[in-house]
Amino acid sequence: LMMSKFGRKDAMLMVSSMYALSYLFLVVAPNPWFIYIGRFLTGICTGICSLVCPVYVGEIATPDNRGLLGSCIQGMVTVGVLLGMGIGSFNSWRWLSVVCLLADLAWAFLLLLVPETPAYLLSKNKEDEARASLSWLRNGSNIEEELLEIKSSLEESSKLSGNIRDLFRAPNLAPFTISMFLMLGQQLSGINAVVFYVVDIFEASGSSLNSNLESCIVGGVQVISTFFGAYIMDKTGRRLLLNLSSSIMAVSAAGLGAFFFIAQNQDNTALASKIGMLPVASMSLFIFAFSIGFGPIPWLMMSELFSPEVRSLASSFAVSFNWILAFLVTKFFTNIVNAVSESFAFWIFTAILVGVFLFCIFFVPETKGKKLDDIQKMFKSDRPYFLEIWKKSRNNSELRN
């Protein structure tokens, strides 16, 4: 609602104000209730940012750099996590809140320097402002053709309704399903479970490092891998990275499951000690694979797939679904481990990732280098969009043979 009513930029400015209030509660907290309120508000702000920021980037980027810019959102998330780990390891949570407050104020200041998206301005019949915005974003180059394309897309979308029922009708059902399935793959990949077991995995390899340092090492791997993925996103495409990400994560999760099975169920401590590096190698591969694919791409493709009339609504459902799954995994993973053991818990993630890999192979289209309007037209065709994916896959196989 904020994004549709006030615009993408103003929504982010409002969220930055809410963030500032949230961290002020934490900084001055005289009792636990202030902490509860501050944490509750930061959670709300994070959810809103997860929706608004990808949409903003998707609407201002060009087809040639949308993958890079969209992936940098997840990259900055990993930077924030690493800084939180680093600062929190030698400072109190109150000082960590001070640093977060300062970062939020810097974000709010930088937001004042950028324009609203041309698409939103045109949707509010502010053509002159939209032209000025696009001219600023494209550094004064010829913008009239792009402006006309955005305007034409919005005019076509304005003839269509954008309520909940429309999400389950063609041509919105396919992109909505893809986005929801990518969000499912991100959270049910087991990334949170792997992070939970960082200390145990390092200990299994015989590491004597401080647990805070171990967490920072993992955070550093995520930062480097995510920005590497962002760099190659517009070169390799989304499909290849998603397929590599899900397949490597499946193998890595299976490796983690195998280690825990040997260590806990086979009473073979000698073998477990010999393969002590297996969990570290599996964890490192898992985090690398997640960071180049299923970390950034679900957020990126959420901003690419939906047509303008349902973009806000569909994106809000996708974001909510993502965070609900994150809560469920965080809340109940320990219960699953207690019920079936660590090994079978990681093998469950392996099975899910195999299913996710197959879905990406057969149903996720390539969006690299395509204009948003062209991506959305793909789903409006009378011919099912995935037939083209299957045709290209078959042709590539024949060429290799």
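Everything numeric here is computed off the predicted structure, so don't read it as measured data. Throughout, numbering of the chain's residues begins at 1 and tracks the sequence.
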How long is the span from the CZ atom in Phe227 to the CG atom in Leu68, to the nearest 0.5 Å? 9.5 Å
Got a donor-acceptor contact below 3.5 angstrom from the Ser316 side chain to the Leu313 backbone? yes
Smallest heavy-atom separation, Met3 atom then Tyr120 atom, equals O-CE1, 3.8 Å
Close side-chain approach of Ile191 and Phe286, heavy atoms under 4.5 Å: yes
Check: Val27 main-chain N/O paired with Ser97 side-chain donor or acceptor under 3.5 Å: no
Are there more than 12 heavy atoms of other residues, nucleotides or ligands under 6.0 Å from atom CZ of Phe321? yes
Check: Pro115 and Ile60 side chains under 4.5 Å, non-hydrogen atoms: no
Taking the side chain as everything from C-beta on, heavy atoms only, tell me whether Val364 gets closer than 4.5 Å to Phe359. yes
Measure up the Phe332 and Phe327 rings against each other and bin them: parallel (under 30°), tilted (30 to 60°), perpendicular (over 60°). perpendicular
May I ask you to check whether over 12 heavy atoms, not counting those of Trp93, lie within 6.0 Å of atom CH2? yes
State, to 0.1 Å, how close Ala61 and Arg138 come at their nearest heavy-atom pair, and which atoms those are. O-NH2, 3.6 Å
Strictly distance-based, threshold 3.5 Å: is any side-chain N or O of Asn243 a donor or acceptor partner for the main-chain N or O of Arg239? yes
Quick one: are Leu102 and Tyr23 in side-chain contact, heavy atoms under 4.5 Å? no
Heavy atoms of other groups near Asn338 CG, more than 12 under 6.0 Å: yes
Where do Leu305 and Ser179 come nearest, in terms of heavy atoms and distance? CD1-N, 4.3 Å
Backbone N or O of Glu129 within a donor-acceptor pair of the Ser133 side chain at under 3.5 Å? no
Can you classify the ring geometry of Phe333 versus Phe349 as parallel (below 30°), tilted (30 to 60°) or perpendicular (above 60°)? parallel
Pairwise distance CZ(Arg66) to OG1(Thr367) - rounded to 0.5 angstrom: 6.0 Å
Tightest non-hydrogen contact, residues Gln186 and Gly295, listed as NE2-O, 2.9 Å
Might you work through the side-chain contact (heavy atoms from CB on, under 4.5 Å) test for Asp10 and Leu13, ending with a clear yes or no? CA-CA 5 Å; Asp10 285 349; Leu13 284 169; 3.9 Å; yes
Intermediate values then yes/no, ring pair (Phe, Tyr, Trp, His ring centres under 6.0 Å), Phe259 and Phe346: CA-CA 10 Å; Phe259 173 81; Phe346 281 108; over 10 Å; no
Going through the checks in order, is the side-chain contact (heavy atoms from CB on, under 4.5 Å) test met by Leu110 and Leu113? CA-CA 5 Å; Leu110 293 173; Leu113 306 180; 4.2 Å; yes
In the structure I gave you, are the side-chain heavy atoms of Leu137 and Pro118 within less than 4.5 Å of one another anywhere? yes
Atom pair OG (Ser246) and CG (Leu241), whose distance is rounded to the nearest 0.5 Å: 10.5 Å
Smallest separation among heavy atoms of Ile352 and Leu188, with atom names: CG2-O, 3.7 Å
Between Ser50 and Trp299, is there a side-chain donor-acceptor contact under 3.5 Å, judged purely by atom types and distance? no
Is the distance between the ring centroids of Phe363 and Phe181 under 6.0 Å? no
Just by distance, with hydrogens left out, do Tyr19 and Thr46 show a side-chain donor and acceptor under 3.5 Å apart? yes
Lys/Arg cation over aromatic Phe379: Lys377, 6.0 Å, 45° cone: no
Taking atom OG of Ser189 and atom CG of Leu353, what is their separation to the nearest 0.5 Å? 6.0 Å
Taking the six-membered ring for Trp, is the centroid-to-centroid distance between Phe290 and Phe294 below 6.0 Å? no
Ser282 and Leu256 have their tightest heavy-atom pair at CB-CG, 3.8 Å
Look at atom CE of Met76 and say whether more than 12 heavy atoms of other residues, nucleotides or ligands are closer to it than 6.0 Å. no
Quick one: sort the Tyr36 and Trp33 rings into parallel, tilted or perpendicular, breaks at 30° and 60°. perpendicular
What I want to find out is whether Glu116 reaches Arg8 closely enough, with some N-O distance under 4.0 Å, to be called a salt bridge. no
Looking only at atom types and distance, does a side-chain atom of Ser284 sit under 3.5 Å from a main-chain N or O of Val280, one as donor and one as acceptor? yes
Can you establish whether the number of heavy atoms outside Glu145 located under 6.0 Å from its atom CD is more than 12? no
So, the side chain of Asp373 versus the backbone of Ser153: is there a donor-acceptor pair under 3.5 Å, distance only? no
Could you walk me through whether Cys45 and Ser22 satisfy the side-chain contact (heavy atoms from CB on, under 4.5 Å) test, starting with their C-alpha distance in whole Å, then the side-chain angles of each, then the deciding distance to 0.1 Å, before giving a yes or no? CA-CA 9 Å; Cys45 293; Ser22 305; 4.2 Å; yes
Give a yes or no answer on whether the side chain of Ser320 reaches the backbone of Phe317 with a donor-acceptor pair at less than 3.5 Å. no
Test side-chain contact (heavy atoms from CB on, under 4.5 Å) applied to Ile297 and Met233, step by step: CA-CA 9 Å; Ile297 294 178; Met233 186 70 66; 3.6 Å; yes
Between the side chains of Arg39 and Thr42, is a donor N or O closer than 3.5 angstrom to an acceptor N or O? yes
Within the distance-only criterion (no hydrogens, no angle test), does the side chain of Thr177 pair as donor or acceptor with the backbone N or O of Leu173 below 3.5 angstrom? yes
A side-chain contact here means heavy atoms from C-beta on lying under 4.5 Å apart; do Val251 and Ile248 qualify? no
Counting only heavy atoms from other residues, nucleotides and ligands, does the tally under 6.0 Å from NZ of Lys370 exceed 12? yes
Are any non-hydrogen side-chain atoms of Phe176 and Val310 less than 4.5 angstrom apart? no
Reported CG-to-CE distance for the pair Leu182 and Met301, which is rounded to 0.5 angstrom: 6.0 Å
So how far is it from Ile44 CD1 to Cys49 SG, rounded to the nearest 0.5 Å? 12.0 Å
Does Leu96 offer a backbone N or O that forms a donor-acceptor pair with the side chain of Asn91 under 3.5 Å? no
Can you spot which of Glu304, Glu149, Glu59 makes a salt bridge (charged side-chain N to carboxylate O under 4.0 Å, His left out) with Lys371? Glu149
Mind checking whether Gln376 and Leu372 have side chains closer than 4.5 Å, heavy atoms only? yes
